[in-house]
Amino acid sequence: MTTVVIAGAGPTGLTLACGLARQGVAVRVIDRAPEFPTGSRGKTVNPRSLEILADLGLGERLTAEGRTHLPFRKYFDGEFVNETEPFAGAEPTATTPYVASLWLPQTRVERLLRERLAEHGVRVELATELVDLRQDGAGVEVSLADGGRIAAEYLVACDGGRSTVRRLLGIPFVGDGDPEPVMVCGDVEVAGLDPAAWHQWFGPRGAFMLCPFPGTRRWQLQASPETDADGRPVAPSLESFRRLAALHTGRTDLRLANATWLSTWRVNVRMAERYREGRVFLAGDCAHVHPTAGGLGMNTGIQDAWNLAWKLGYVLRGLAGPALLDTYQEERLPIAAWTLDVTSAGMAAVMAGADTPGVGVEAGRVGDLTGLALGYRWSSLAADRLPGAVRAGDRAPDSPCAGPGGGPARLFEHFAGDHFTLLGLGPGARPDLTELPGHVRPVALDDPDGAVRRAYGVTRDALVLVRPDNHIALTALSGAHDAVLGYLAGLGAR
């Protein structure tokens with residue numbers, strides 16, 4: 001029997017499916033599309049999402065296909081002004097293995113996730129449209145357009161901003177949006193332009209941008225819409241793209257061809273009023289949509305899925321009580337509210353600077369868009385028994401440390417998987433192995449130079465319990481094993 005059915009096979013649904021499948025949860029992923037999308041859509045994976053996807057086993061595959069440094073080459077009214085690079089000089093640190101976003105089309109991210117999911121024996125079911133659902137205390141039944149039905153214990157909606165599931169549940173999608181498109185988009189082949197930079201033309205007539213993708217002749221085009229004689233936006237097409245290129249660049253040597261994924265984008269700033277209705281959860285664009293500034297759309301969905309995957313898996317595996325699932329909304333809904341605020345501010349900053357020569361889309365970076373600083377200090381799952389700069393709820397920092405055989409390793413290697421990790425930091429902190437449940441991995445670190453303790457902001461020998469999603473659950477002095485056991489027992493009581 002299917003345990004979890006996921007509606008939607010974008011990055012959110014695929015990340016969730018991988019996180020559940022590796023725990024042995026029987027999962028089905030359905031999508032109404034007849035074939036996998038080919039349009040680029042999102043194009044950056046931020047550092048926190050890279051950490052998540054690396055934990056799922058995709059780190060090397062992703063970095064082999066994308067690029068981390070892309071200069072922004074900016075023009076104003078057709079004339080070159082300057083070139084900047086947001087992550088110039090950024091290098092991995094002891095606590096942060098990924099410090100720059102990865103430029104990679106969403107379609108390639110999805111393909112890599114599908115390949116990883118297939119390694120767990122799960123394949124996406126295309127042309128499978130959810131049209132209705134009903135639920136009770138025992139499970140959910142999904143009705144399909146072809147008359148079929150799927151019975152499951154839980155349903156997770158990852159079916160986008162126009163979510164069928166959210167509509168069927170009657171969950172309000174609170175916010176507002178523009179009725180007319182503010183941007184046309186497409187994938188095009190471009191000749192006559194240096195593919196080593198993202199070219200951004202701004203000026204009194206609006207914006208026109210061409211972003212290259214590594215290992216391909218294709219570029220993503222984003223532009224202010226062309227308008228007709230009555231001032232109405234013209235639908236995207238190759239012919240319109242060519243006219244826009246000539247208008248904004250003033251160049252006659254640029255050749256655009258083979259336009260695909262013709263799309264428009266409207267400003268929408270909306271958030272679901274709640275993320276759960278009984279045995280049904282919302283994640284990704286289904287739960288929140290926002291401006292494109294900062295490239296947080298795909299990333300916020302991936303991080304929603306990462307938060308939900310371990311919790312849903314633990315409940316289904318009998319490692320935690322059902323009330324643990326309430327903490328998904330408790331933790332992720334405030335993150336969505338923050339995302340709507342910061343992307344709206346970022347978009348306003350870009351628009352305000354559009355008339356200033358040399359200002360490009362980097363003006364939209366009005367907050368920390370890496371995802372590394374986002375945590376859940378307010379959560380009922382955060383238990384601090386030690387003061388310090390790093391607190392329960394925060395992302396657990398990486399650090400060099402000793403491996404099982406005494407050789408060099410990193411904390412993230414110990415964290416990888418679906419277990420809790422109990423760190424004993426310092427020679428006086430030795431996790432008691434006798435009473436720990438099997439889903440907790442104890443790691444004793446002598447930490448002779450204090451590097452790990454510095455990374456965690458503690459000066460004494462300490463115990464740090466790290467959740468399966470690599471956020472800190474509990475901090476305590478060494479010897480506080482009863483506090484650790486009490487915390488874990490509390491999950492079962494939830």
Side-chain angles (χ1 to χ4, degrees), residues 48 51-52 54-55 93-97 306-307 310-311 314 319-320 324 327 331 371-404 408-492 494:
R48 181 57 185 143
E51 292 179 353
I52 290 168
D55 195 304
T93 68
T95 60
T96 308
W306 189 238
N307 184 285
W310 78 269
K311 296 172 180 177
Y314 266 49
L319 302 176
L324 177 65
T327 67
E331 293 185 342
L372 299 173
L374 298 181
Y376 314 116
R377 290 185 178 184
W378 61 82
S379 172
S380 60
L381 296 181
D384 273 313
R385 291 171 175 259
L386 281 179
V390 180
R391 293 170 49 193
D394 291 351
R395 161 194 169 271
D398 195 10
S399 177
C401 64
R410 301 192 67 85
L411 286 182
F412 276 13
E413 295 174 43
H414 291 292
F415 297 163
D418 53 39
H419 55 271
F420 276 80
T421 305
L422 179 58
L423 298 176
L425 304 183
R430 287 291 179 269
D432 187 345
L433 309 184
T434 57
E435 297 184 66
L436 286 177
H439 60 278
V440 181
R441 177 181 295 175
V443 178
L445 300 170
D446 285 339
D447 195 28
D449 60 1
V452 182
R453 279 170 290 184
R454 284 194 298 275
Y456 281 74
V458 296
T459 57
R460 304 167 62 183
D461 293 352
L463 295 175
V464 177
L465 184 65
V466 180
R467 299 170 8 171
D469 62 353
N470 299 8
H471 283 264
I472 297 171
L474 174 144
T475 62
L477 286 173
S478 61
H481 296 96
D482 288 346
V484 174
L485 295 173
Y487 182 96
L488 295 167
L491 292 179
R494 283 181 172 273

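- Residues Phe420 and Val484 fail the side-chain proximity criterion, which asks for heavy atoms closer than 4.5 Å.
- Within the structure, ring-ring contact (aromatic ring centres under 6.0 Å, His included) contacts touching residues 454-487 (residues at least two apart or in different chains) are Tyr376-His471.
- Residues meeting the side-chain contact (heavy atoms from CB on, under 4.5 Å) test with Arg430, sequence neighbours left out: Ala444, Asp446.
- Here the closest non-hydrogen pair linking Gly426 and Asp461 is CA-OD1, 3.4 Å.
- From Asn470, atom CG reaches atom OG1 of Thr421 across 7.5 Å, with rounding to the nearest 0.5 Å.
- In plain terms, the two heavy atoms of Leu445 and Ala402 that are nearest each other are CD2-O, 4.0 Å.
- Side-chain contact check for Leu411 versus Leu423: some heavy-atom pair is nearer than 4.5 Å.
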- request: Given side-chain contact (heavy atoms from CB on, under 4.5 Å), test Arg48 with Leu374 step by step and report yes or no.
  value: CA-CA 9 Å; Arg48 181 57 185 143; Leu374 298 181; over 6 Å; no

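- Closest heavy-atom contact between Ala429 and Leu463: CB-CD2, 4.4 Å.
- Taking OG1 from Thr327 and CG from Asn307, the interatomic distance works out to 6.5 Å, rounded to the nearest 0.5 Å.
- In terms of heavy-atom proximity, Pro468 sits nearest to Trp306 at O-CZ2, 4.0 Å.
- When the side-chain contact (heavy atoms from CB on, under 4.5 Å) test is applied to Ala416, the partners found at least two apart in sequence or on another chain are Asp55.
- In this structure Arg391 satisfies the salt bridge (Lys or Arg N to Asp or Glu O under 4.0 Å) test together with Asp384, sequence neighbours excluded.
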- prompt: What do the steps show when you test Glu413 against Arg410 for salt bridge (charged side-chain N to carboxylate O under 4.0 Å, His left out), and what is the final call?
  reply: CA-CA 5 Å; Glu413 295 174 43; Arg410 301 192 67 85; 6.0 Å; no

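- Distance check: Leu386 CG to Leu474 CG gives 8.5 Å after rounding to the nearest 0.5 Å.
- Side-chain contact between Asp447 and Cys401 is absent, with no heavy atoms from C-beta onward closer than 4.5 Å.
- Counting only heavy atoms from C-beta outward, the side chains of Leu465 and Leu488 approach each other to under 4.5 Å.
- Under the rule for a salt bridge (Lys or Arg N to Asp or Glu O under 4.0 Å), the partners of Arg467 that lie at least two apart in sequence or sit in another chain are Glu331, Asp469.
- Between the side chain of Arg441 and the backbone N or O of His419 there is no donor-acceptor pair closer than 3.5 Å.
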task: Begin from the C-alpha positions of Leu436 and Leu485 and carry the test side-chain contact (heavy atoms from CB on, under 4.5 Å) through to its verdict.
output: CA-CA 7 Å; Leu436 286 177; Leu485 295 173; 4.1 Å; yes

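- Partners of Arg460 according to the side-chain hydrogen bond (donor to acceptor under 3.5 Å, both in side chains) rule, which considers only residues two or more places apart in sequence or in another chain, do not exist here.
- In plain terms, the two heavy atoms of Ala455 and Pro397 that are nearest each other are O-CG, 3.5 Å.
- Side-chain contact between Arg377 and Asp394 is present, with heavy atoms from C-beta onward closer than 4.5 Å.
- Nearest approach of Phe415 to Ala396, heavy atoms of both residues: CE1-CB, 3.8 Å.
- Note that the OG atom of Ser399 and the CZ atom of Arg453 stand 11.0 Å from one another [nearest 0.5 Å].
- The shortest side-chain heavy-atom distance between Arg395 and Thr96 falls under the 4.5 Å cut-off.
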task: Would you sort out whether Leu324 and Leu381 count as a side-chain contact (heavy atoms from CB on, under 4.5 Å), showing the intermediate values?
output: CA-CA 9 Å; Leu324 177 65; Leu381 296 181; 3.9 Å; yes

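- You'll find the side chain of Leu319 stays beyond 4.5 Å of the side chain of Leu491, heavy atoms only.
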